[in-house]
> 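Take this structure, written in structure tokens, and hold onto it; I'll ask about it next.
Side chains included, hydrogens not; waters and symmetry mates left out as well; all remaining heavy atoms used. Keep in mind the model is a prediction, meaning the values are calculated, not measured. We count ligands from 1, going down the list as the structure has it; atoms in each ligand are counted the same way.
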Amino acid sequence: MHFHVITLFPEICETYTNSSILGRAQKTEKGKGAKHRGKKISVTYYNPRGYTKDKHHKVDMRPYGGGPGMVMMAEPILKAWEKAVGRKKDHKRVKTLIMSPRGKKFDTAMAKKLAEKYDHLVLISGRYEGIDSRVKKILKAEEVSVGDYVLTGGELPALTIIDSVSRQVPGVLGTFESLEEERVSSGEMYTRPEGLEYKKKKYKVPSVLMKGNHAEIERFKLSQNKK
Ligand code: SAH
């Protein structure tokens, strides 16, 4: 899966996608017996500012018809998109998403579908008042929202989608982690030490988890989920 992120602030996102599981998924695995050796994902950033013609590298202008704030201009975004996937031949495997608080609500079902149906996801991240509406029309893009709140930019939504879709790509998660959505996962979880002391009070791990009776542990986890 190739992610192409169009953003005015690539440096905000890069640290996140280069760390931990997403960072590992962009590298070739060396270890013996690694099941999925190749790179599982790639993430590339395109800054619309690099696709401007004027010497001030302007990317936003006042809205037609009045109103507050600035609107991101279409052309630098369209050029960045061209650079990202313009030459891809199989356009059925390319999907363009525009981050927008008015878009379709993102969820796990959407993440699964995106991971299965596409090889290239272009995520367009807005700033200021948003993006010239012609971008959506020209690129036949879909607007996606990560929740009913308004953020100052589309970077966190784009990262949320990259993270969640990547988890659905085979080999990105380790075997243990990959089971998570399929198995009974407990709401509460514990690790060492067994007896934790904090401000003179003792906090113990539920004893059922310490006994190794797997049937009982499953029952405990199920009862946790009902709460
Ligand atoms: N006044 C604008 C607010 C734009 S917020 C409006 O009502 O639409 C600036 C940018 O942040 C948007 O272009 C979008 O890319 C991003 N954004 C903000 N909240 C978001 C959300 N809940 N989901 C996805 N993107 C969001």
> Examine ligand 1 and decide if any of its atoms is less than 4.0 Å from a heavy atom belonging to M72.
no
> Ignoring hydrogens and geometry, is there a side-chain-to-backbone donor-acceptor pair from K88 to D90 under 3.5 Å?
no
> Charged N to carboxylate O below 4.0 Å: is that the case for E155 and R127?
yes
> If you count the atoms of ligand 1 from 1 in the order shown, which ones are under 4.0 Å from a heavy atom of G126?
10 (C), 11 (O), 13 (O), 15 (O)
> Begin from the C-alpha positions of L159 and L123 and carry the test side-chain contact (heavy atoms from CB on, under 4.5 Å) through to its verdict.
CA-CA 9 Å; L159 289 175; L123 306 161; over 6 Å; no
> Please confirm whether Y128 comes within less than 3.5 Å of ligand 1 when only nitrogen or oxygen atoms on both sides are compared.
no
> Under a heavy-atom criterion of less than 4.0 Å, does I131 contact ligand 1?
no
> Look at atom 14 (C) of ligand 1 and say which protein heavy atom is nearest, naming residue and atom and giving the distance to 0.1 Å.
M99 O, 3.1 Å
> Tell me the protein heavy atom at minimum distance from atom 26 (C) of ligand 1, and give that distance in Å.
P101 CD, 3.7 Å
> Is a salt bridge present between E142 and K95, judged by a nitrogen-to-oxygen distance below 4.0 Å?
yes
> Under 4.0 Å, counting heavy atoms only: does V144 come that close to any atom of ligand 1?
yes
> Can you confirm, on distance only, whether ligand 1 has an N/O atom lying under 3.5 Å from any N/O atom belonging to E129?
yes
> With side chain to side chain donor-acceptor pair (under 3.5 Å) as the test, would you mind laying out the steps for T17 and Y45 before giving the verdict?
CA-CA 11 Å; T17 54; Y45 294 94; 2.8 Å; yes
> Go through ligand 1 atom by atom and flag the ones less than 4.0 Å from a non-hydrogen atom of G153.
10 (C), 11 (O), 16 (C), 17 (N)
> Under 3.5 Å, is there a donor-acceptor pair between the side chain of D54 and the main chain of K58?
yes
> Keeping R49 on the side-chain end and L8 on the backbone end, is there a donor-acceptor pair under 3.5 Å?
no
> Would you mind listing every ring pair (Phe, Tyr, Trp, His ring centres under 6.0 Å) that reaches into residues 103-129, with sequence neighbours excluded?
H2-H120, H4-H120
> Grouping I, L, V, M, F, W and Y whenever their side-chain heavy atoms are under 4.5 Å apart, do L22 and M99 come out in a common cluster?
yes
> Can an N or O of V146 be found at a distance shorter than 3.5 Å from an N or O of ligand 1?
yes
> Who's the nearest protein heavy-atom neighbour of atom 7 (O) of ligand 1, and how far?
R102 NH1, 3.5 Å
> Is it true that F106 lies under 4.0 Å from ligand 1, counting heavy atoms only?
no
> In Å, rounded to the nearest 0.5 Å, how long is the span from CZ of R134 to CG of L139?
12.5 Å
> Regarding E188 and Y190, do their side chains bring together a donor and an acceptor under 3.5 Å, going by distance alone?
yes
> Starting from atom 3 (C) of ligand 1, locate the nearest protein heavy atom and write down its residue, its atom name and how far away it is, to 0.1 Å.
V150 CG1, 3.9 Å
> Flag L151 as yes when one of its N or O atoms lies below 3.5 Å from any N or O atom of ligand 1, and as no otherwise.
yes
> How far does NZ of K117 sit from CZ of R93, to the nearest 0.5 angstrom?
9.5 Å
> Show which atoms of ligand 1 fall inside a sub-4.0 Å distance from at least one heavy-atom site of G130.
13 (O)
> Check this for me - ligand 1, I124, N or O atoms closer than 3.5 angstrom, yes or no?
no
> Can you report which non-hydrogen protein atom sits closest to atom 22 (N) of ligand 1, along with the distance?
Y149 O, 2.8 Å
> For ligand 1, is there an N or O atom under 3.5 Å from any N or O atom of S100?
yes
> Side chain or backbone, does P157 bring an N or O within less than 3.5 Å of an N or O on ligand 1?
no
> Just which atoms of ligand 1 are under 4.0 Å from any heavy atom in G154?
11 (O), 15 (O), 16 (C)
